[in-house]
Structures are given as structure tokens and as C-alpha cells.
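Structure first, commentary second.
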Amino acid sequence: GDSVTQMEGPVTLSEEAFLTINCTYTATGYPSLFWYVQYPGEGLQLLLKATKADDKGSNKGFEATYRKETTSFHLEKGSVQVSDSAVYFCALSRSGGYNKLIFGAGTRLAVHP
Amino acid sequence: GAVVSQHPSWVICKSGTSVKIECRSLDFQATTMFWYRQFPKQSLMLMATSNEGSKATYEQGVEKDKFLINHASLTLSTLTVTSAHPEDSSFYICSALRGLAAEQYFGPGTRLTVT
């Protein structure tokens, strides 16, 4: 069945460091791919998405490119801030929309001043 | 922005009792809501899809008589864990679909501990 695999955390970085959180997926066809972020005490929020191969999603300085050949959707940010500390979830949907999301385990990011 | 709340945020109950968790869309109407369960260091797993005015659709392996879902209005869905046991202890998260783009908006979750 469909699945999403994320790198295990926690990831600990200093402010202004470069961030990469790896995400790979297994699915038939062409799923839509998502990154969600969960700040402490809050619900998951959509960070960015991509719906077809080679699409790049971007938001708040974060980027991820849909790589069909490597079945990956790695999250990157050039310079992290303390306020980026959160749990990040990679997810896919085969329906093309937001229904039936399949999530990775989540990666906790801690950014220190 | 779209806000989804859950109540309670945490609950402790004794084995054999039932617990109800509420999920509300505060500033929009949602004909469809989802219930997820999350174990420590594991993925969110979809339990069921809740549609206003109709029966919920449960994912394979989820006991519908154990996890009762009611979606009686466009802003409220409830999950009742019946005859709870310690293995039901988990983090339960709901989400609601909003608008034509039908993006999912998530609640902050409810931590259930069964003693």
C-alpha cells in the first residue's frame, strides 16, 4: 500500500543553518504531495504542496520539489529561525485533493539561537 | 483563517468507561470531517471519514462499534470511544474540509489515557 517515510528526528540546528528533512514515498500513479507543520499546542497546518512531477512547492522560505524518479519530496530551508521549531509531517494523497491523506511519522525540528 | 477546535485537550478515564471527544469548525461549515489516531513517534493514521447527516466511513481495521462517530451538524463531529481499554490510549486528531479547494484544517488533538 501507499506509504510515506521521513527521516527520524529530532533535528537540532542553530539559527540561520540550512535545513533538509528527507521524505520518500511509495504509491502507484501520481499522488499529490504535502508538507504540514505542527507548532506546539496547535493543529497541523499546510506548509506547501505539489501536485505533479517536477513541481516545486514553496512557502515561508521552505521549498520542496516533487521528484518522481527518486519518489522523494525533501523539505529545505536556507536559513532557519527559532520560530521554525515545530514538528513537520510529509504526506501524500492519491485522490488528487486533500482527502485520504497518508502521513509520515513526523520530524521534530529544534532551532537554537 | 479556518479554525478547528477539539475538546477536551486531554482526558484520563478508567478502563471500561466511555469517552466523548468533540471536534468543531469554529468559523466555517464542514460537511466532511476526518478522525485520526497517532501513536508516539508514529504517523497519523486515518480512522474514519465523518459526513454530516450520514454514517461515517471507517478505515479497514477500525472497529465502528468501538469508535462511534456522529456528525450531526455542519460544525460538530464527535468521536466516542466506548468501553475504553488501556490500548485505546492515544492522541486523537480531527480535521475538517473547507471550501471548494477542500483543504483539510486540523484540530490541536486530544490525548486520551485509559487507566
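These figures come from a predicted structure and were not determined experimentally. Throughout, a chain's letter reflects where its sequence line sits, starting with A, and its residues are numbered from 1.
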Considering only NZ, NE, NH1 and NH2 on the basic side and carboxylate oxygens on the acidic side, decide whether B:Lys20 and B:Glu22 come within less than 4.0 Å. no
Using a 6.0 Å cut-off, check whether atom NZ of A:Lys68 has over 12 heavy atoms from anything other than its own residue. yes
In terms of heavy-atom contacts, does CE of B:Met45 have more than 12 from other residues, nucleotides or ligands at under 6.0 Å? no
Can the ring centroids of B:Tyr36 and B:Phe106 be said to lie less than 6.0 angstrom from one another? yes
Part of residues 79-89 of chain A lying next to chain B, heavy-atom separation under 4.5 Å: A:Phe89
Segment of B:Gln38 engaging chain A (4.5 angstrom heavy-atom cut-off): side chain
Quick one: what part of B:Leu46 sits under 4.5 Å from any heavy atom of chain A, side chain, backbone, both or neither? side chain
Heavy atoms of other groups near A:Tyr30 OH, more than 12 under 6.0 Å: no
For B:Ser50 and B:His71, test the side chains for any donor-to-acceptor distance below 3.5 angstrom and give the result as yes or no. yes
Hydrophobic cluster membership, with links at side-chain heavy-atom distances under 4.5 Å among I/L/V/M/F/W/Y: are B:Met33 and B:Leu74 in one? no
